[in-house]
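Because only heavy atoms are used, hydrogens play no part in the values below, and waters and symmetry mates are left out as well, while side chains stay in. Since we're looking at a predicted model, the values are computed, not measured. Quick note on labels: first sequence line is chain A, next is B, and so on, each numbered from 1.
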Number of protein chains: 2
Amino acid sequence: MSRPTLRDVAARAGVSTAAASLALRGLPGVSPSTRDTVLDAAGTLGYVVNVSARNLRRRRTDTIGIYLPQGTTLQWYYADFAVGVSNAAGERGVAALILPQHGDPRPFLAHVDGIVTVDVRTTDPLARAVLGAGREIVTGEHVPEGQPQPDGIVFVDHEREMTGLLRHLEQRGSTSIGVLLPPEDTAWGIEVARAARRFAAESTVEVHEAPVSFSPETEEIQAACATLPAGVDAIVAVPDGTATSVAGVLRSRGQRIPEDVRLASYTDSQSDRLLDPPVTAIDLRPSEFGARCGQLLLDLLEGAAVPREQQLDVEFRPRAATN
Amino acid sequence: MSRPTLRDVAARAGVSTAAASLALRGLPGVSPSTRDTVLDAAGTLGYVVNVSARNLRRRRTDTIGIYLPQGTTLQWYYADFAVGVSNAAGERGVAALILPQHGDPRPFLAHVDGIVTVDVRTTDPLARAVLGAGREIVTGEHVPEGQPQPDGIVFVDHEREMTGLLRHLEQRGSTSIGVLLPPEDTAWGIEVARAARRFAAESTVEVHEAPVSFSPETEEIQAACATLPAGVDAIVAVPDGTATSVAGVLRSRGQRIPEDVRLASYTDSQSDRLLDPPVTAIDLRPSEFGARCGQLLLDLLEGAAVPREQQLDVEFRPRAATN
DNA sequence: TTGAAAGCGGTACCAG
DNA sequence: CTGGTACCGCTTTCAA
């Protein structure tokens, strides 16, 4: 036997489908007695609404998509972001779809009312396809120029945060700072790099850049560290998870943290907290970030009058590695 | 103007909707010329199929749900698992929904044709609701007795793997091994604990158990380590990410890895690889695991004749921390 | 090969 | 408040 339909429930309750529909959704327009009968019938029949039929009729899916940047490995930060989106949507009765990272996400765009994405990379052609899909879209962080722009943005002031982190190191006494920078193909990457250069120009501290990829593996991080001058007395590891590898490099060189070299991570993650000594970092609050993006998207879809650009406050976490 | 429908495409191409439908799906039953005209019309109109209508008619959603165990924080392992499911589904044209971890997942079960979940905890009432939802379901790992059983299972032989890991430590010369064990409310937790006890009974090695929670934080791990006898010369950290904290504890005690204490992680993760020295671990291949679960679910939904229980092979990764 | 038409299961409008 | 009914857009028979 297939699943019971609204007609079945209505028949059992002896009312019209219209009344049954209203009763089940808790809307006014039915007498309390009718409503009870319907709820009762639905309960005993085990009625569950057919989502496809409802979606067709309402002309929306109550589903949003999450598109995460492509990388060889899923970084902790993005996983947390996705969970934030999912939970925020769930609280408002909306489901969250993960758009596949391999292959073409476009076929799945038809499933969703809108899309949340984060850290749009100019070098990702699929991201461009997602942005240009003609659906309501909210991005975490700004979208670099030259790409289709989203309907809503939640962003962090990375220039301010990075500057604050460098200043913290300066105050602790560092005079030569190595910075492991991600590619400048995201707004975030661009802002962090700009902050580093501006700081170098405006202070007496030396700043040495070492470029790494978006999602670097250990070997690459080791190689990047090797390009830094021997005299650096602090290192800022920007991409998620990078600080752990840097700590390994320093230890294998016999350099103590923080006595010989201070270590900071731009993107706070579990491993930064768990390392010994724990690493100073910016808590970018990815889960909250995702939640805010999800909420903004839902607000926009509802046509609510909300600011289309919203700033997320993040938290500086000084820890023992920069004492 | 709202999105063009199949009728619009058919009208523009001068054919029936039936023909247009067949042509767009590449099915036989239309002449090549008709097909070209339809494809052309669809292209210029920017036609995209209405997923809700298709789903309603086909009586399926081409969407599967992913239910991850609830914990305060999302572990790396589960994030990877979810990505594996999503990509496997995506390759077969099926979307993947993340069922919200906070709040009630039940309203969203109606969105999906089937569900993939992993490490079902007997202590999670929502997991029970998901299992008993009457939908096709595949679990990663067996479901502990007393719960509704799934339609398909992909599992790892944890007893064998854990035994192999302990034997490796024994061969390296360890005689007193501390094991940080997760709660025995999952099949995985039960099997690992059983292996540890059996190994203790059948070898001359001392095995000291220290229970930790499903998703322990640093403080808890430190406390658990403190309960181990001072003489342990090896520690196996079972839950994902735990080894990083243990390494910190050992270092702060001035114990070297591996000279004083060997360190192994049961659940290989990024941080295990990045630590210095890198930590020996079992690579449980979570992404592959998720993919296999997703494929099995889709096979079952298609009615394919496939084994309902499938074993996943995992990889032992000996690294410097147990030299 | 082609077109007409009957649903899929709700929702929302209508007159009563 | 109530019941009847058109319709959302696609898929799939069934005749022609």
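- The stretch residues 290-309 of chain B participates, sequence neighbours left out, in these salt bridge (charged side-chain N to carboxylate O under 4.0 Å, His left out) pairs: B/R92-B/D299, B/R92-B/E302.
- In the helix from C/dT1-D/dA16 to C/dG16-D/dC1, the terminal helix axes, each the rotation mapping four pairs' C1' atoms onto the next four within five end pairs, subtend 40°, rounded to 10°.
- Put simply, CG on A/L56 is 9 Å from C1' on D/dC7, counting in whole angstrom units.
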Check: protein-nucleotides 10-14 of chain D nitrogen or oxygen pairs below 3.5 Å:
residue: D/dC10; atom: OP1; partner: B/Y47; partner atom: OH; Å: 2.6
residue: D/dC10; atom: OP1; partner: B/N50; partner atom: N; Å: 3.4
residue: D/dC10; atom: OP2; partner: B/L6; partner atom: N; Å: 2.4
residue: D/dT11; atom: OP2; partner: B/S21; partner atom: OG; Å: 2.9
residue: D/dT11; atom: O2; partner: B/R57; partner atom: NH1; Å: 2.3
residue: D/dT12; atom: OP2; partner: B/R25; partner atom: NH1; Å: 3.2

Please output the side-chain donor-acceptor pairs of residues 128-137 of chain A that fall under 3.5 Å, not counting sequence neighbours, one pair per line with the distance.
residue: A/R128; atom: NH1; partner: A/Q147; partner atom: OE1; Å: 2.7
residue: A/R128; atom: NH2; partner: A/G146; partner atom: O; Å: 3.0
residue: A/R135; atom: NE; partner: A/L109; partner atom: O; Å: 3.1
residue: A/R135; atom: NE; partner: A/V112; partner atom: O; Å: 2.8
residue: A/R135; atom: NH2; partner: A/V112; partner atom: O; Å: 3.1

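- Residues passing the side-chain hydrogen bond (donor to acceptor under 3.5 Å, both in side chains) test with B/E141, sequence neighbours excluded: B/H158.
- Atom OG1 of B/T117 and atom CG of B/L126 lie 11.0 Å apart (nearest 0.5 Å).
- For DNA chain C, the outermost nucleotides in 5' to 3' order that have an atom under 4.0 Å from a heavy atom of chain A are C/dG9 to C/dA12.
- By the side-chain hydrogen bond (donor to acceptor under 3.5 Å, both in side chains) test, A/T34 is found to be paired with A/S31, residues two or more places apart in sequence or in another chain being considered.
- In this structure, CZ of A/R59 is placed 18 Å from P of D/dA6, rounded to the nearest angstrom.
- A donor-acceptor pair shorter than 3.5 Å can be found between the side chains of A/D185 and A/T123.
- When all heavy atoms of A/V138 and A/C293 are compared, the pair lying nearest together is CG1-O, 3.7 Å.
- Remark: B/D119 pairs with B/Y78 by the side-chain hydrogen bond (donor to acceptor under 3.5 Å, both in side chains) rule, at least two apart or across chains.
- Taking B/D113 as the reference, nothing meets the salt bridge (Lys or Arg N to Asp or Glu O under 4.0 Å) condition, with sequence neighbours excluded.
- Side-chain contact check for A/F155 versus A/L312: every heavy-atom pair is 4.5 Å or farther apart.
- Taking every heavy atom of both residues into account, A/L56 and B/S52 meet most closely at N-CB, 3.6 Å.
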For a quick test of your reading: what N or O donor-acceptor pairs under 3.5 Å do the side chains of residues 35-45 of chain A make, sequence neighbours left out?
residue: A/T37; atom: OG1; partner: A/S33; partner atom: O; Å: 2.6
residue: A/T44; atom: OG1; partner: A/D40; partner atom: O; Å: 3.4
residue: A/T44; atom: OG1; partner: A/A41; partner atom: O; Å: 3.1

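- Not counting sequence neighbours, the partners of A/R58 by the salt bridge (Lys or Arg N to Asp or Glu O under 4.0 Å) test are A/D62.
- Within residues 29-38 of chain B, the residues approached by DNA chain C to less than 4.0 Å at the level of any non-hydrogen atom are B/G29, B/V30, B/S31, B/T34, in residue-number order.
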